[in-house]
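Every chain is numbered from 1 and lettered A, B, ... according to where its sequence line falls, protein lines coming before strand lines.
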Amino acid sequence: MKANVTVTLKRGVLDPQGKAIGHALEGLGFDGIGEVRQGKLIEVELAETDRAKAEAALDEMCRKLLANTVIEDYRIEIAE
Amino acid sequence: MKANVTVTLKRGVLDPQGKAIGHALEGLGFDGIGEVRQGKLIEVELAETDRAKAEAALDEMCRKLLANTVIEDYRIEIAE
Amino acid sequence: MSLPQVDITPEIVAEHGLTSDEYKTVLDILGRAPNITELGIFSVMWSEHCSYKSSRVWLKTLPTEGPQVIQGPGENAGVVDIGDGDAAVFKIESHNHPSFIEPYQGAATGVGGIMRDVFTMGARPIANLNALRFGEPAHAKTRHLVSGVVAGIGGYGNCMGIPTVGGEVNFDKAYNGNILVNAMTVGLARTDKIFYSKASGIGNPVVYVGSKTGRDGIHGATMASAEFSEDSEEKRPTVQVGDPFTEKLLLEACLELMATDAIVSIQDMGAAGLTSSSVEMADKGGVGIELELDKVPMREEGMTPYELMLSESQERMLMVLKPGREAEAKAIFDKWELDFAVVGTVTDTGNLTLKWYGETAGEIPVAPLVDASPMYERPWEPTPSSPVVKSEDVASSLSAGAALKKLMASPDLCSRRWIWEQYDHLIGGETVQTPGAADSAIVRLPGKSKALAVTVDCTPRYCLADPITGGAQAVAEAWRNITATGAKPLAITNNMNFGNPERPRIMGQFVGAVKGMSAAAKTLDFPVVSGNVSLYNETNGEAILPTPVIGGVGLIEDAANSVGLGLTETGLILILIGETQGHLGRSIYLRDVVGKDEGAPPPVDLTIERRNGDFVRDLISQKLIAACHDLSDGGLAVAVAEMVLAGGIGATLDAAPPGMGITAWLYGEDQARYLVAVKDEKAVLSAAKAAGVPAHRVGISMGRSLTLPGGDTISLEQLAKTHEAPLPSYMAGETWN
Amino acid sequence: MKAAITVFPGTNRERDMADALERASGTRPTMVWHGERDLSGYDLIVVPGGFSYGDYLRCGAMAGNSPILRAVKEQADRGVTVLGVCNGFQILTETGLLPGVLLRNAGLKFICKMTHIRCEKSAAPFTGKLTQGQVSRVAVAHNEGNYYADDETLDMLEGEGRVVFRYCDDRGNVSDATNLNGSQRNIAGIVNKRGNVLGMMPHPENAIDPMAGGTEGLPIFQSLATAILA
Ligand SMILES: Nc1ncnc2c1ncn2[C@@H]1O[C@H](COP(=O)(O)OP(=O)(O)O)[C@@H](O)[C@H]1O
Ligand SMILES: [Mg+2]
């Protein structure tokens with residue numbers, strides 16, 4: 001089973017990297033750029049075949065390691 | 001308009017981060033972890049309302065700045 | 001797992017970069033046609049990068065010996081005796097092309113590669129340096145390249161925990177299409193615990209450690225290997241991604257194993273990976289090596305023997321162990337969570353034998369592979385000499401003070417703080433002279449009072465005008481920079497960066513530089529112990545400036561006696577050591593203020609260089625000198641400005657000597673000169689007289705501003721702003737004006 | 001003083017830390033490999049700087065979730081003194097021993113330089129030898145030193161006197177201009193509620209030698225030696 005975990009900064013937490021990217025895009029001449037935020041995408045391959053079990057495991061992985069819930073939100077998507 | 005750009009390392013390119021995350025997950029006692037790869041997620045807000053134009057602009061942004069096409073692939077998804 | 005069958009057509013041979021003569025030699029050596037794996041091995045072993053085919057004849061002429069030299073060129077790094085059973089191990093290496101393609105990863109893996117060369121020999125790295133050359137600031141790619149390269153160098157070195165303490169940066173349009181990234185590492189070992197690459201002991205296990213092998217950087221042969229699969233483009237990234245975390249583990253694991261006596265020999269896998277490491281180890285030992293390629297730890301599925309032999313995956317080492325020591329070694333690599341695999345044995349066949357699931361995948365006699373590697377005496381043309389520029393003919397509308405401000409803010413002379421603050425230069429707690437504080441960085445040996453002085457230098461515009469003088473000047477400047485801190489110069493490493501050697505004019509630059517370097521290294525007792533050559537740095541027929549970078553290492557017995565360049569007290573007398581003619585040809589002033597890059601470079605008189613330097617070092621050891629700075633780019637004016645900025649005390653320069661124009665006096669770039677700040681003027685002047693060294697009082701430290709002859713005065717604040725602002729604001733997107 | 005220094009794969013300032021502790025206390029601390037599960041018997045546990053696990057994913061995340069950190073937590077809960085410097089600070093926040101997180105520097109670049117910090121609170125065991133308001137010149141070397149916590153947490157830290165160091169200039173002025181990495185309220189170091197766990201980004205261990213970095217980092221280690229030996 002394959003899963004995509006996306007980890008994004010919580011709203012309200014400053015994202016200097018996203019801001020710098022927005023700035024650079026404007027510098028390259030792109031117009032109408034609003035807010036830019038940068039997050040992480042983590043693709044995980046799992047041996048687990050039961051969808052519900054996989055989701056539970058992934059949720060635990062996120063809480064234990066993949067995301068810092070003080071500042072980050074996470075979203076789990078099971079691909080297949 | 002809002003878009004999500006995901007930037008991932010090309011297949012075959014070493015992903016030290018992904019490797020280390022996989023290793024750490026195993027260390028935390030998760031079983032059956034296969035390959036783990038880490039990528040970037042960039043959320044961009046655009047003033048553009050025409051979908052095709054937005055896509056074209058995003059593609060250019062990816063080639064020019066967001067992705068390094070020597071080692072990275074990118075995918076554009078327009079959210080709304 | 002059957003072996004892929006590929007027909008060896010003339011096209012495939014050509015795509016592997018072998019000429020028809022070279023291919024004929026391959027057929028003679030093997031007595032048959034090679035298979036694709038063997039062809040790949042010949043191709044990389046005989047590439048310019050590995051065989052030094054254009055440069056070898058000339059490199060052999062460099063002086064490489066001296067009582068201090070323990071190991072000269074020919075090993076992974078040079079080794080120099082620094083007393084008490086300690087040795088300094090160092091080398092420089094280029095990663096030019098990869099850094100242009102992907103600046104962060106290219107530079108990072110360059111740093112990783114040179115550190116491996118040093119710790120392969122049993123040395124713990126204690127300092128990194130880098131010499132960088134970028135295109136003109138206005139060029140569209142320059143900013144992106146600077147930012148990526150600097151971040152990459154920092155990213156790798158910082159994570160490894162090795163301080164990056166020095167370097168140099170130039171900008172010139174000649175590098176627009178070919179930037180230079182040269183990285184140097186200096187390490188420390190015990191003289192009785194140096195590790196070499198010579199394999200020995202028939203039957204001994206050959207062991208692979210480090211990262212797994214992927215399809216990284218299999219270059220030169222992409223087309224030919226496209227035969228292997230459809231999606232080969234995607235599978236063969238030419239850019240390697242650095243993994244400094246794994247390399248840090250590799251460093252610690254190797255040093256831990258080296259503390260035992262289990263290792264017979266060890267060699268890092270750099271360019272041409274498993275091929276060059278196994279061939280070099282076998283060749284040095286006059287033995288054969290059999291590799292079971294299916295045992296190599298692999299990162300990807302379906303890898304072929306061809307790919308395994310040619311991969312340039314980073315963070316890997318090959319070792320020969322003593323028999324029966326495998327378990328002990330494996331335990332150490334397990335602890336550090338690194339791959340460890342016995343992949344072969346030392347044999348008495350003299351062949352490199354490759355096995356693939358029991359089948360023979362290749363068999364090449366090692367000695368002929370190495371001995372028959374091509375060596376060319378490429379035709380060369382000397383560089384036509386340029387006329388000497390008369391200083392009277394040099395005119396500018398800028399006043400002396402305005403010119404100084406312009407130079408202090410120029411791309412080649414402005415503050416590099418933006419760069420070195422991204423490098424951890426303090427880790428280890430031994431950086432006695434930090435970047436910007438002295439002419440060389442000074443890094444103390446842990447737990448001891450002695451320290452190494454390290455520097456990298458080259459003045460490419462001199463080399464372009466006159467490669468012989470330029471080559472000598474690069475060596476002399478490195479020697480001078482070490483001397484100016486009070487340290488004794490010991491030996492050098494060099495990185496020869498040139499254009500296409502098949503063009504006689506370019507080959508002539510190479511030859512000239514080697515000649516100049518040789519002469520200087522001999523006269524200054526500054527032998528070459530290691531180095532690297534990077535050729536073909538040109539795009540559309542536009543070659544880079546000839547850039548023979550010199551990395552110098554010196555020793556000071558007590559770090560407390562080293563001097564920096566900052567003026568930290570008022571009332572110090574400034575004394576200029578050496579003779580001033582006011583040579584302005586090829587000076588920074590002529591190029592950046594007047595706008596003419598012309599003329600002959602300043603002559604280098606090595607005997608005088610040595611005499612003046614020995615004198616200055618002697619004064620420093622007698623504690624007669626409070627601050628010292630060698631005169632180079634920008635001459636006296638720039639030197640004093642840098643001393644003022646580094647120490648935070650102003651200075652006033654006296655009038656120019658009678659008969660000398662103010663421009664020539666302030667901005668001439670005559671060699672073999674030092675500006676020293678002293679308390680006891682009389683003692684220094686009389687010592688100079690006794691030694692027959694020209695020495696004159698030229699000013700005094702005082703106040704909060706710099707006053708030039710003629711009265712132009714610049715406040716410290718203004719000077720600091722002028723000097724510090726340009727690079728950060730350029731990097732933030734401003735144009736350089 | 002019996003001190004332990006935790007060593008993870010990728011830790012790289014453990015020797016600098018050992019030198020500093022030895023200089024102040026006269027005894028060489030013990031290096032404890034991350035596989036260790038039991039940290040009883042130490043009076044001081046130091047989590048030093050470096051790039052544990054390469055700082056991949058997030059700085060300190062992998063080390064912060066490793067078993068040895070459970071042992072550190074146990075000892076901290078028992079009142080043992082714990083110091084986290086740089087990567088160690090990041091690890092302590094990831095473990096939850098200290099509140100907040102360390103984000104990427106506002107300038108998005110690694111910063112290595114000598115800087116000044118002001119001591120906000122003179123108290124054993126970490127800052128007993130410093131006076132309140134005292135300015136020290138110490139090194140910083142980090143890419144993610146930008147201290148972040150929500151306002152409520154920040155107000156609590158201030159209210160409880162738990163902000164120990166702030167970035168300032170050579171005269172002790174705290175301003176945006178002296179905030180080198182974008183930290184909330186210029187915070188360079190904080191303690192836990194009980195006062196026995198300190199996390200700080202700067203490296204006092206690289207300011208213990210008159211020849212390299214100066215000696216203004218030494219009082220922190222002397223404070224520890226005094227507090228714990230006494
Ligand atoms: N310009 C040079 N001057 C002196 N020695 C050199 C020079 N270029 C290369 N060498 C020596 O040739 C050997 C091979 O160099 P290189 O291929 O760069 O080594 P590695 O594969 O270990 O990186 C080394 O011993 C190196 O010191
Ligand atoms: Mg090597």
*Asks:* Can you tell me how far CG of L14(B) sits from OG1 of T246(C), rounded to the nearest 0.5 angstrom?
*Replies:* 7.5 Å
*Asks:* Out of curiosity, H144(C) NE2 to K64(B) NZ, how far, rounded to the nearest 0.5 Å?
*Replies:* 13.0 Å
*Asks:* Using side chain to side chain contact (heavy atoms under 4.5 Å, CB included), reason through K19(B) and D243(C) one step at a time and then give a plain yes or no.
*Replies:* CA-CA 10 Å; K19(B) 203 172 85 182; D243(C) 183 355; 3.5 Å; yes
*Asks:* Select one option (side chain, backbone, both, neither) describing which atoms of Q314(C) are under 4.5 Å from chain B's heavy atoms.
*Replies:* neither
*Asks:* With rounding to the nearest 0.5 Å, note down the distance linking CG in D216(C) to CD1 in I71(B).
*Replies:* 11.0 Å
*Asks:* Decide if atom NZ of K335(C) counts as having more than 12 heavy atoms of other residues, nucleotides or ligands within a radius under 6.0 Å.
*Replies:* yes
*Asks:* Is it true that atom NE2 of H97(C) has more than 12 heavy atoms of other residues, nucleotides or ligands lying nearer than 6.0 Å?
*Replies:* no
*Asks:* Can you name the closest pair of heavy atoms from G242(C) and P16(B) and give their distance?
*Replies:* O-CG, 3.7 Å
